[in-house]
Amino acid sequence: MNIFSTYRDHIEAIIEKLVEAGSLPRGLDTARLTAEPPRDPSHGDISTNAAMLLAKPAGMKPRDIAEMMAAGLREVEGVSEVEIAGPGFINMRLGDAVWHDCLKVAIGQGAAYGASDHGAGAKVNVEYVSANPTGPLHIGHARGTVFGDVLAALLDKAGYNVTKEFYINDAGTQVDTLARSSHLRYCEALGRDIGEIPEGFYPGDYLKPVGRALAELHGDKWLDAPESEWLADVRAFTIDAMMDLIRADLAALGVHQEVFTSERKLVEDGMVDAGLKTLEDMGHIYTGVLEPPKGKAPEDWEPRPQTLFRATDFGDDVDRPLKKSDGSWTYFASDIANHLDKFRRGFAEMIDVWGADHAGYVKRMQAAVTAFSAGEGALDVKICQIVRLMDKGEPMKMSKRAGTFVTLRALVDEVGPEVVRFHMLTRKNDAQMDFDLTAVTEKTRDNPIFYVQYASARCHSSRRQARKYFPNHDMSLQTLVATPISCLTDESELGLIKIVAGWPRLVEAAADAHEPHRIAYYLYELAALLHAFWDKGSKDSSLRIVQGDDEKLTMARLVLVQGVQTVIDSGLGIFGIEPVEEMR
RNA sequence: GCGCCCGUAGCUCAGCCGGAUAGAGCACCAGAUUCCUAAUCUGGGGGUCGCAGGUUCGAGUCCUGCCGGGCGCGCCA
C-alpha cells in the first residue's frame, strides 16, 4: 500500500465526479497530477497540484477549481483538514488513525515492506562490472559494481523481474596479451628463469598459480612451442582462471551475478555476423569514409572506406565503424550483438553501468538499440564517476609499488564489504566522490553507515530494555500488530510514522529514476528522526520509549520502534547490508 | 574543434521526471545528556543555486548562448 497513490486515486475520483456534474469540462488530462508530501511539512501531509494543472485546459481560475475539489476532499475518509494555499495548492491533513494504520501495515510486512508490484514483473537486464578478464578487480570497479548490484536489488523490490549480467570482454587483443603473460609464468613454473616481466605483459603475481597449473596439466609440451600451438588453449584456461578470481572478488563484496555472457562466444557462435546482418537488412549499415576528428586528428590518419553503422540517424554525432582494417569486428560490433542478444532474450528494458571513461560511447550504443529494436527496446546507461581514494583528507597515490589498496579485495578487507557498499551509494552516480579510508570507519554523524546502524542498534536496545521491565509480555510481531497505538500522538512520534509510511513511495521513485542513492538519504533522514526522538526522551521522560510503569504505552512505542526497524531492515536489505543489533 | 557529465553555504553534497520563505553533514559559536554511552541531541550565524537571456501562473530544476572543472573523441576494450 502506498498512501500517496491511494489519495491520488481519491483526487482523480473527485475530478471525475465534478466532470459528471458538469462543473468541469470533459477530456481533462490528469497524467501530471501529483499527490505528494509538500516540502514544508507545515503545509500538511499531502499536497496536490490538481487545481493549477486543470486551470488552463478547463479555462477556469485555479482557486475556483480548488474550492470545488476541497469540498469533495473533506468528505474523503481519513482526511481531517483541507486547505487551499499559494497559487492553488490543495493541502490535506490526514487523521492520526490513518498514519497508525500505515505503521501497522509496515511492521506486519517486515523486511518485505516497500516491496510492490509497481514494475508489474517486467523483465529488466542490469549489466554491470563487465571488467576485462585480465586480473583481479581493482578499486576503480568498486563503485559501478555496487551501484549495479543495488540498482538490481532495488528494481527487484519494486516488482521488476531482474537479471544481473556480466559481459566478459574476452575477445580483444588484451586477452592474447594475458595468454602470453600466462605462458611466461608457465615457463617460470617449469624452472626457467624469466627475469623481469617485459613491457607489454601483465606482471601480476596472480598469474603464477595459473602458470603452475598449466605446467601440471600439460607438462613441458608448450615450453618451446610456437605461439600458434598453445595460444588458444592457454588463453581459454587463463580467462577461466581470471573469471574465478573475479567471481571471488565479487563474492567478497557480496555480489552474485546470474548470467555471464562471453564476447568471444558471441563471435564464435556467429551472433555478431547474424546481428549485424539484421541491422544491414534494416538498412542501417553502409560502407563509407569518415571525416577525421577535428582538432585532434591522429597522426597516421588517412581516409579509408569502412563498414559503418548509421548512428546519426538515431541521434549520434557521427556514424560508427563496425570493422577493423583487418576485417574483424570492432568492440562496438560485438557489443551490438550483445545487446541484440539480450533484447531477443526478452529484455526490452536494459540498463548498463559503465565507468566515466566510457561516457562517449553511450549515444552510439543507445542508437544501436533503438535501431535494431525499431524503438521497442530501451537502454539506460548509468555512468559512474571516478572515486578518489583518500586517507585523512589527503588523496592517496595509487602506484602499484606503494599502494596496498589497488585491488578491490584489499579495500574490502580493510573496511568491510558493508562500508564499501553503503558509501558508494551516498552520492549520485554521475557525481565524483571521495572515499576516505579513515572517515568511512569513523563513528560519527558524518559517517552515514554508522549513523544508520546506530539507529538500528537503538531500536533493538529499546526492545531489550522493555523485556527487562515486562518479562511476561509477549512481544512477538503478531502481538505488536494487534497492539493499540492510538496514544502515539506526539509530533515526534507522528513524524517518525510518516517517514515509515512514505517508504513504499520512495522505493518506487528511486526505482523509476534508477537512483539507489535515494535509499541512503532516506535511511539517513529516518535515523536522524529516531536519534532526535530518543534524545527528547532524556529531556521529557514521558517520551522515553520504555515506560517502566506503563505497559500499554511501552508496547505502543515498541510498535513505533518496530516500524523504524522495519524500514531500516528493508532499506539495508536492498543495499545487501545486515542491520546490527548492538554496537558495544 | 566536437560530444557527454558536473558547477547549490567556507568544505563535501541532497533537492523526489517545474511548485509555495532553497536543505543536510562537516567546520565555527552557544547549550543539553538515567533507555546504546559526549558514537547522540537542541539552537545560531552563513547562499544574487557559475553568468546572461528565454519558455509560463511559477525555474536550482526545462531551452539557448557563454564561463569554469572532469572524461572521451577511426582500425582500444
Side-chain angles (χ1 to χ4, degrees), chain A residues 32 34 36-40 43 47 49 52 55-56 61-62 85-89 91 130-132 134 169 171-175 263 289-298 300-304 306 308 316-318 320-321 323-328 330-332 334-335 355-363 383 385-386 393 426-428 430-434 439 442-448 450-451 454-455 457-458 460-462 464-466 468-469 505-506 509-510 512-513 515 517-518 520-522 524-525 528 531-539 541 544-546 548 582-584:
Chain A
R32 288 175 56 228
T34 60
E36 54 187 15
R39 293 196 178 170
D40 184 345
H43 288 133
S47 176
N49 63 354
M52 292 176 292
K56 193 171 239 184
K61 287 183 189 165
F89 290 101
N91 295 328
S130 297
N132 294 337
T134 55
N169 298 147
T173 52
Q174 83 284 358
V175 285
E263 181 188 0
V289 181
L290 284 178
E291 294 290 312
K294 286 183 176 146
K296 200 210 161 198
D300 59 345
W301 200 92
E302 52 184 80
R304 187 194 313 263
Q306 286 176 295
L308 299 171
D316 202 358
D317 312 302
V318 292
R320 304 294 181 175
K323 271 188 181 174
K324 305 179 194 173
S325 52
D326 67 2
S328 65
T330 60
Y331 179 78
F332 179 48
S334 49
D335 214 9
D357 52 341
H358 288 58
Y361 195 74
V362 175
K363 270 192 189 174
I383 297 292
Q385 283 292 340
I386 47 175
T426 55
R427 295 281 179 270
K428 272 182 306 201
D430 50 13
Q432 289 181 46
M433 71 178 231
D434 294 345
E442 266 173 9
K443 296 180 170 180
T444 70
R445 180 168 190 169
D446 196 22
N447 182 6
F450 161 75
Y451 193 69
Y454 189 22
R458 279 183 153 173
H460 281 97
S461 167
S462 61
R464 284 193 295 270
Q465 286 296 321
K468 267 191 232 166
Y469 282 94
R505 177 178 185 268
L506 188 275
D512 285 346
E515 289 184 346
H517 76 273
R518 293 193 199 179
Y521 281 87
Y522 202 79
Y524 188 82
E525 186 186 351
H531 290 314
F533 179 61
W534 191 278
D535 196 67
K536 249 185 152 179
S538 55
K539 291 187 190 66
S541 62
R544 291 168 59 91
I545 293 161
V546 178
E582 57 180 0
M583 301 193 86
R584 286 180 204 283

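Every chain is numbered from 1 and lettered A, B, ... according to where its sequence line falls, protein lines coming before strand lines. Quick caveat: nothing in here was measured; it's all calculated off a predicted structure.
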Restricting to nitrogen or oxygen on both sides, can you table the protein-nucleotides 46-48 of chain B pairs closer than 3.5 Å?
none

Just call it for [X]: base, sugar-phosphate, or nothing, with non-hydrogen atoms closer than 4.0 Å on any strand.
{"X": "A/Asp512", "result": "nothing"}
{"X": "A/Lys428", "result": "sugar-phosphate"}
{"X": "A/Ser461", "result": "base"}
{"X": "A/Val546", "result": "base"}
{"X": "A/Pro38", "result": "base"}

Could you work out the separation of [N] and [M] based on their [atom1] atoms and round it to a whole Å?
{"N": "B/rC63", "M": "B/rG3", "atom1": "P", "result": "15 Å"}
{"N": "B/rG23", "M": "B/rC16", "atom1": "C1'", "result": "13 Å"}
{"N": "B/rC41", "M": "B/rU33", "atom1": "P", "result": "16 Å"}
{"N": "B/rG19", "M": "B/rG15", "atom1": "C1'", "result": "13 Å"}
{"N": "B/rC13", "M": "B/rA22", "atom1": "C1'", "result": "14 Å"}
{"N": "B/rC49", "M": "B/rA30", "atom1": "C1'", "result": "30 Å"}
{"N": "B/rA9", "M": "B/rA14", "atom1": "P", "result": "12 Å"}
{"N": "B/rG50", "M": "B/rU61", "atom1": "P", "result": "8 Å"}

Whole-Å distance separating the [atom1] atom of [X] from the [atom2] atom of [N]:
{"X": "A/Ile545", "N": "B/rU34", "atom1": "CD1", "atom2": "P", "result": "14 Å"}
{"X": "A/Gln465", "N": "B/rU34", "atom1": "CD", "atom2": "P", "result": "14 Å"}
{"X": "A/Glu302", "N": "B/rG74", "atom1": "CD", "atom2": "C1'", "result": "11 Å"}
{"X": "A/Lys539", "N": "B/rA32", "atom1": "NZ", "atom2": "C1'", "result": "5 Å"}
{"X": "A/Lys56", "N": "B/rC57", "atom1": "NZ", "atom2": "C1'", "result": "8 Å"}
{"X": "A/Asp535", "N": "B/rU40", "atom1": "CG", "atom2": "P", "result": "11 Å"}
{"X": "A/Arg505", "N": "B/rC17", "atom1": "CZ", "atom2": "P", "result": "9 Å"}
{"X": "A/Asp430", "N": "B/rC4", "atom1": "CG", "atom2": "C1'", "result": "11 Å"}

Would you mind telling me which of [options] lies closest to the side-chain atoms of [X]?
{"X": "A/Arg304", "options": "B/rC17, B/rG3, B/rG74", "result": "B/rG74"}
{"X": "A/His531", "options": "B/rU40, B/rA14, B/rU33", "result": "B/rU40"}
{"X": "A/Ser541", "options": "B/rA20, B/rU34, B/rA14", "result": "B/rU34"}
{"X": "A/Arg544", "options": "B/rG74, B/rU34, B/rU21", "result": "B/rU34"}
{"X": "A/Glu263", "options": "B/rU21, B/rC35, B/rA77", "result": "B/rA77"}
{"X": "A/Met583", "options": "B/rC6, B/rA39, B/rA14", "result": "B/rA39"}
{"X": "A/Glu515", "options": "B/rG15, B/rU40, B/rU12", "result": "B/rG15"}
{"X": "A/Lys443", "options": "B/rA39, B/rC13, B/rG19", "result": "B/rA39"}
{"X": "A/Lys363", "options": "B/rA39, B/rG15, B/rC4", "result": "B/rC4"}
{"X": "A/Pro321", "options": "B/rG74, B/rC6, B/rA14", "result": "B/rG74"}

Could a donor-acceptor pair under 3.5 angstrom be found where the side chain of [X] meets the base of [N]?
{"X": "A/Ser47", "N": "B/rA20", "value": "yes"}
{"X": "A/Arg39", "N": "B/rG60", "value": "yes"}
{"X": "A/Arg32", "N": "B/rC17", "value": "no"}
{"X": "A/Asn49", "N": "B/rA20", "value": "no"}

Handout entry: Rounded distance [0.5 Å steps], CG in A/Asp430 versus NE2 in A/His517
Key = 8.5 Å

Handout entry: Euclidean distance, A/Met52 CE relative to A/Arg32 CZ, rounded to 0.5 Å
Key = 10.5 Å

Exercise for the section: Can you sort out the partners of A/Phe89 under ring-ring contact (aromatic ring centres under 6.0 Å, His included), two or more places apart, ordered by chain and number? Expected result: none

Practice task
With sequence neighbours left out, write down each residue that passes ring-ring contact (aromatic ring centres under 6.0 Å, His included) with A/Tyr524, or none if nothing qualifies.
Solution key: A/Tyr451

Completion exercise
Contacts of A/Gln174 meeting side-chain contact (heavy atoms from CB on, under 4.5 Å) (sequence neighbours excluded), chain-then-number -> A/Asn132, A/Thr134, A/Asn169, A/Tyr202

Fill in the blank from the handout: RNA chain B in dot-bracket form (Watson-Crick or G-U pairs under 3.5 Å, [ ] crossing, | inter-strand) is (((((((..((((.....[...)))).(((((.......))))).....(((((..]....))))))))))))....

Exercise for the section: Check the geometry between A/Phe89 and B/rG19 and answer yes if their rings are stacked (centres below 5.5 Å, planes below 30°), otherwise no. Expected result: no

Problem - Contact nearer the 5' end of RNA chain B, comparing A/Pro37 with A/Tyr524 - result: A/Pro37

Exercise for the section: Work out which heavy atom in A/Trp534 is nearest to a heavy atom in A/Ser462; give both atom names and the distance. Expected result: CZ3-CB, 4.2 Å

Fill in the blank from the handout: Nearest heavy-atom approach of A/Ile383 to A/Ala356 is CG2-CA, 3.6 Å

Restricting to salt bridge (Lys or Arg N to Asp or Glu O under 4.0 Å), what partner residues turn up for [X], sequence neighbours left out?
{"X": "A/Asp317", "value": "A/Lys363"}
{"X": "A/Lys536", "value": "A/Asp490"}
{"X": "A/Arg427", "value": "none"}
{"X": "A/Asp434", "value": "A/Arg388"}

Problem - B/rC41 OP1/OP2 closer than 4.0 Å to side-chain N/O of A/Tyr451 - result: yes

Handout entry: Phosphate OP1/OP2 of B/rU40 contacted by A/Lys536 side-chain N/O (<4.0 Å)
Key = no

Problem - Nucleotide-resolved protein contact map, nucleotides 65-72 of chain B, B/S/- at heavy-atom distance under 4.0 Å - result: -----SSS

Exercise for the section: With sequence neighbours left out, write down each residue that passes side chain to side chain donor-acceptor pair (under 3.5 Å) with A/Asn447, or none if nothing qualifies. Expected result: none

Exercise for the section: Kindly write out the residues that satisfy side chain to side chain donor-acceptor pair (under 3.5 Å) with A/Asp40, not counting sequence neighbours, or none if the list is empty. Expected result: A/Ser42

Practice task
Would you please classify the geometry between the A/Tyr361 ring and the A/Tyr331 ring as parallel, tilted or perpendicular, with 30° and 60° separating the classes?
Solution key: tilted

